[in-house]
Amino acid sequence: MTDGATAHRDITVEVIASLAAMVGRDASELSEETRLFDDLYFDSTSVLELLMRLEEDLGVEFDPETLQPADFEKVASLVAYVRREAEA
């Protein structure tokens, strides 16, 4: 069984890996402070593509009704969203 810190780190690593693959960058260039719209130049289409990729990579299904713009501000807020949805 993993503790909360390990689970958080694992989801963070997975989210960063998915993001890096999507934007064609090395995962080491991204951090929890990376801003999706300002640093990675995301738009609404990119967000949808990322969500579909994360659903496939993590085996989590996201409820569109729970999405908030703040969830996509930084990698850290996205990780928090993914964690909430994975635990739901």
Side-chain angles (χ1 to χ4, degrees):
M1 176 180 280
T2 61
D3 62 25
T6 301
H8 176 75
R9 185 175 65 245
D10 291 346
I11 290 175
T12 301
V13 169
E14 292 291 334
V15 167
I16 288 175
S18 294
L19 271 169
M22 185 177 152
V23 298
R25 293 172 69 176
D26 191 87
S28 65
E29 297 177 33
L30 307 177
S31 74
E32 288 190 84
E33 294 304 310
T34 301
R35 299 169 300 176
L36 276 65
F37 290 94
D38 295 334
D39 298 332
L40 300 179
Y41 308 109
F42 266 50
D43 58 20
S44 58
T45 303
S46 304
V47 168
L48 292 174
E49 182 181 340
L50 175 61
L51 288 174
M52 289 188 298
R53 181 182 290 264
L54 289 172
E55 284 182 335
E56 185 176 312
D57 291 350
L58 299 174
V60 174
E61 189 170 322
F62 300 113
D63 179 359
E65 298 292 320
T66 64
L67 293 172
Q68 299 295 319
D71 295 326
F72 298 95
E73 188 175 314
K74 294 182 179 182
V75 171
S77 57
L78 178 59
V79 167
Y81 171 76
V82 170
R83 270 185 47 228
R84 283 193 311 273
E85 290 298 300
E87 293 170 356

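From a predicted model like this one, the values you see are computed outputs, not experimental measurements.
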### Message
Treating Glu32 as the side-chain partner and Thr12 as the backbone partner, does any N or O pair qualify as donor plus acceptor under 3.5 Å?
### Response
no
#### Entry: Rounded distance (nearest 0.5 Å) linking atom CG of Leu54 with atom CE of Met22
9.0 Å
### Query
Can you find a pair of side-chain heavy atoms, one from Thr34 and one from Lys74, that are under 4.5 Å apart?
no
### Task
Find the distance between CD (Glu85) and CD (Glu55) and round it off to the nearest 0.5 Å.
9.5 Å
### Task
Might you point out which heavy atoms bring Ala86 and Val60 nearest each other, and give the distance in Å?
CB-CG2, 4.0 Å
### Message
Tell me whether Ser77 contacts the main-chain N or O of Ala70 through its side chain, where contact means a donor paired with an acceptor under 3.5 Å.
### Response
yes
### Query
How are the rings of Phe37 and Phe42 set relative to one another: parallel (under 30°), tilted (30 to 60°) or perpendicular (over 60°)?
perpendicular
### Query
Mind checking whether Leu40 and Leu19 have side chains closer than 4.5 Å, heavy atoms only?
yes
### Query
If we ignore angles and hydrogens, is there a donor and acceptor under 3.5 Å between the side chains of Ser18 and Asp57?
yes
### Message
Would you say that Ile11 contacts Arg83 through its side chain, given a criterion of any heavy-atom pair below 4.5 Å between the two side chains?
### Response
yes
### Message
Determine whether Val75 and Glu33 satisfy the following criterion, side chain to side chain contact (heavy atoms under 4.5 Å, CB included), listing intermediate values before the conclusion.
### Response
CA-CA 6 Å; Val75 171; Glu33 294 304 310; over 6 Å; no
### Task
Could you walk me through whether Leu67 and Leu51 pass side chain to side chain contact (heavy atoms under 4.5 Å, CB included), step by step?
CA-CA 10 Å; Leu67 293 172; Leu51 288 174; 3.7 Å; yes
### Query
If we ignore angles and hydrogens, is there a donor and acceptor under 3.5 Å between the side chains of Asp43 and Ser46?
yes
### Task
Determine the sole option in Asp71, Val23, Leu78 for which the side-chain contact (heavy atoms from CB on, under 4.5 Å) test with Leu36 is passed.
Leu78
